[in-house]
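All remarks here apply to the structure that follows.
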Amino acid sequence: MSNKMDSEQRRKRKQQQQYLIGRHQILNLPSPKSLFLSFLFIFLIFLFLNRFSLIYFFNNHSFTFHPSTLSLHYSSKSKSILDPQTTTTTTTLQHRILFPDYLLLFLTGHHPKPNEVECVYYNNGSATGSTEPSLDVIEVQPVLSTDQYDEFRSIARCPFPKNMSTAATVDIRRRGEMGCRDLNQIAKKTQSWDKVAYEATLDGDTVVVFVKGLNLRPHKISDPITFWCHFGLKGFNKEGAFMLTTKAVSVAQEVVRCLLPHSIRKNPVMARGIRVTVSHMAGNVRHPVRMLVPSVAKVSNPSESVKRKNGGKYELCVCTMVWNQASALREWIMYHAWLGVERWFIYDNNSEDDIESVINDLDVQGYNVSRQAWPWIKTQEAGFSHCALRAREECKWVGFFDVDEFFYFRNEFRDHLAQGGGVPGENSLRLMVANLSSSSSIAEIRTACHSFGPSGLMLPPKQGVTIGYTCRLQSPERHKSIVRPDLLDISLLNVVHHFELREGLKSIDMPERNVVINHYKYQVWENFKAKFFRRVATYVVDWQKDQNKGSKDRAPGLGTEAIEPPNWRLQFCEVWDTGLKNVLVSNFADSATGLMPWERS
């Protein structure tokens, strides 16, 4: 009896199991194991798409938040301005920045050449009280220049006529094309250069952000406690936006350094191309307000620059910033290459004199020259900080001096001539820095500058400044520096002539009897007057402004207008100094034609 009951119960349980299995198949329900694997797969896909976890910006903050206008951070989709039939030539307007004399447009996609596009000026409906932007074209002008800015974007510069209202909107289109682009594209707000985060660079587990308009103390390191960096893929000004937020660890002048977010610190390459900006505290103690700075900055990685094939670093590199100095580059680079400079970083500050062609020619000739488009006006100090980061991966020492400044080794040249030896001075500059590379305390070498005047000339010297200008002031003026980029203070603070070094390190002044810099500062008026229209240093007042007339940056006695003073050609002449000229003419001039190497090239 008992066995019969057990058999019946087993039969019923089997029927129930078959029923449940059949129902499970009908409903197509996954097993718990399948559910877990599916959930895990979706979670991994989510992490992959986001690349890093996001945190809410306002988390654990008790201050009031007032975002600045950031509408040009992210562009909507737009039509191609070059070839609407193909995607390979699509160019999208991403940002628009107003400078005093022109507008800078940031573009993504196809990099247009200047002869492909033109600048188009539209009425802005908001200026007339309209709620919709107007599409009326009021003017068309040639683009000033286009350039490849970084691995993500290109730039175009459009003139901004003085008689045009700042309410006008500027865009670019294919030359000769009629019509306009997407309405939302044209309606984008133009950002002012007065305050904007304009560049960002990875450095180890930190990011260095370059910001205009913080109005911090010049030549001083500031307290970073009130500064933060913010990272995100969406617009920062959107209500309820999520973003990564980190604290600043160093702030000086226009440079803010912040830690990378924890989620990407172990793999910094993930930060490449993401957007970043800076915020700082404003208002009073009772009602602090955190102000978010508008930004066009995307994180780049200078460590990806090409190194030497043997894997080592160059002993000596040089960085400079130029504006319309193409005619001076050959003499400057060829001469200093003879002294031992191995690598050149040229930061081009909106030149319009075919400097790119000159640099390409020099590079083809083996001088190892690269050009960095640097459209940011009056940012020389920030540009040098940027170059120090970029060059650190390739160079042991980096010199920061201008294209009218030439190192002159007096004793080296004089001793060779007296001994009847070969050509004097070869690699003198590289040997000078190499002798100090093993020092554990010296991180900067300073060399005094002697300023030369017009030397009686009326026209620019055909054979170059080193041959033509031979009369100078008696006493030196200022100095220029060669630094160890890996030993600079994390603030990257500099005053153009020298950098802030890490604690415990020092600079060394080279004896004038051994080496000086011939600074061909006061050239013929035709060249010199350009200084009235452009001063690249951040804290140097433009000469057309009636300020700081006693500054050493100005020529003594000059006013605010580019008017040639009487007897200009005879000024700044106290000592005739033909030392460098004699060496160069004796050893480098062509025996048949008398031409110098930079003339022949």
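Annotation: H497, atom NE2; neighbour count of heavy atoms from other residues, nucleotides and ligands within 6.0 Å is above 12.
By the 4.5 Å heavy-atom criterion applied to side chains, P142 and E118 are not counted as neighbours. Side-chain contact between F152 and Q94 is absent, with no heavy-atom pair separated by less than 4.5 Å. Q253 is listed as a side-chain neighbour of H219, based on a closest heavy-atom distance under 4.5 Å. Side-chain contact check for V496 versus F384: some heavy-atom pair is nearer than 4.5 Å. Considering only heavy atoms from C-beta on, S300 stays 4.5 Å or farther from D150 through its side chain. Side-chain contact between R96 and T169: present, with at least one pair of heavy atoms (C-beta onward) separated by less than 4.5 Å. C387 places a side-chain heavy atom less than 4.5 Å from the side chain of F400. T320 is not listed as a side-chain neighbour of E405, based on a closest heavy-atom distance of 4.5 Å or more.
Nearest heavy atoms, W397 versus V433: NE1-O, 3.3 Å. Annotation for A271 and V299: closest pair O-CB, 3.3 Å, computed over non-hydrogen atoms. In terms of heavy-atom proximity, W374 sits nearest to A382 at CZ2-C, 4.2 Å. Of all heavy-atom pairs spanning E199 and A297, the tightest one is N-CB, 3.6 Å. V143 and A156 make their closest contact through CG2-CB, 4.1 Å (heavy atoms, listed as atom of the first residue, atom of the second, distance). Pairing each heavy atom of Y347 with each of G383, the nearest pair is CE2-O, 3.8 Å.
Here D194 pairs with S192 under the side chain to side chain donor-acceptor pair (under 3.5 Å) rule; sequence neighbours left out. Annotation: side chain to side chain donor-acceptor pair (under 3.5 Å) contacts of K396 (sequence neighbours excluded): E315. Applying the side chain to side chain donor-acceptor pair (under 3.5 Å) test to D348 and every residue at least two apart in sequence or in another chain returns S351, R371. Residues that satisfy the ring-ring contact (aromatic ring centres under 6.0 Å, His included) test with F401, not counting sequence neighbours, are W332, H336, F407.
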From CA spacing to verdict: side-chain contact (heavy atoms from CB on, under 4.5 Å), H262, T246
CA-CA 9 Å; H262 286 286; T246 64; over 6 Å; no
Given N368 and E342, is the side-chain contact (heavy atoms from CB on, under 4.5 Å) satisfied, shown in steps?
CA-CA 7 Å; N368 200 8; E342 304 164 280; 5.6 Å; no
Between L202 and L260, does a side-chain contact (heavy atoms from CB on, under 4.5 Å) hold up when you go through it step by step?
CA-CA 9 Å; L202 281 175; L260 284 174; 3.8 Å; yes
Begin from the C-alpha positions of W193 and K212 and carry the test side-chain contact (heavy atoms from CB on, under 4.5 Å) through to its verdict.
CA-CA 7 Å; W193 172 237; K212 196 72 175 178; 3.6 Å; yes
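The backbone N or O of L98 sits nowhere less than 3.5 Å from a side-chain atom of T190 that would complete a donor-acceptor pair. Put simply, the side chain of S481 never gets that close to the backbone of V483: no donor and acceptor are under 3.5 Å apart. With N360 contributing its side chain and E356 its backbone, the two residues share a donor-acceptor pair below 3.5 Å. The closest donor-acceptor contact from the side chain of D402 to the backbone of D404 lies at 3.5 Å or more, if one exists at all. E254 places no side-chain N or O within 3.5 Å of a backbone atom of F210 that could act as its donor or acceptor partner. Checked by atom type and distance alone, the side chain of T277 pairs as donor or acceptor with a backbone atom of V293 at under 3.5 Å. The backbone N or O of R392 lies less than 3.5 Å from a partner atom in the side chain of K313, making a donor-acceptor pair. Counting only distance, with no hydrogens or angles, the side chain of W344 and the backbone of Y367 share a donor-acceptor pair below 3.5 Å. A donor-acceptor pair under 3.5 Å is formed between the side chain of T91 and the backbone N or O of H110.
Distance check, rounded to the nearest 0.5 Å: CD of Q141 to SG of C119 gives 7.5 Å. Distance CG/D361 to CG/L329: 11.0 Å, rounded to 0.5 Å. How far SG of C319 is from CD1 of I346: 7.5 Å, rounded to the nearest 0.5 Å. To the nearest 0.5 angstrom, D101 atom CG is 13.5 Å from C158 atom SG. One finds the OG1 atom of T379 at 6.0 Å from the CG atom of N349 (value rounded to the nearest 0.5 Å). In this structure, CZ in R390 is found 10.0 Å from OG1 in T201, a value given to the nearest 0.5 Å.
Evaluation of the salt bridge (Lys or Arg N to Asp or Glu O under 4.0 Å) test over residues 257-267, restricted to residues two or more places apart or in two chains, returns D203-R257.
No side-chain donor from either of S437 and R484 sits under 3.5 Å from a side-chain acceptor of the other. Between the side chains of N494 and S385, a donor-acceptor pair is found at a separation under 3.5 Å.
The only member of V276, L292, V209, V278 that meets side-chain contact (heavy atoms from CB on, under 4.5 Å) when paired with H230 is L292.
Ring geometry for W376 against Y198 counts as tilted: the plane angle lies between 30° and 60°, on a 0 to 90° scale.
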Just distance, no hydrogens or angles: give the donor-acceptor pairs under 3.5 Å from side chains in residues 498-505, sequence neighbours left out.
residue	atom	partner	partner atom	Å
H498	ND1	H479	NE2	3.0
R502	NE	L488	O	3.4
R502	NH2	D486	O	2.9

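Between E116 and R174 no salt bridge is recorded (no basic side-chain N to carboxylate O distance below 4.0 Å).
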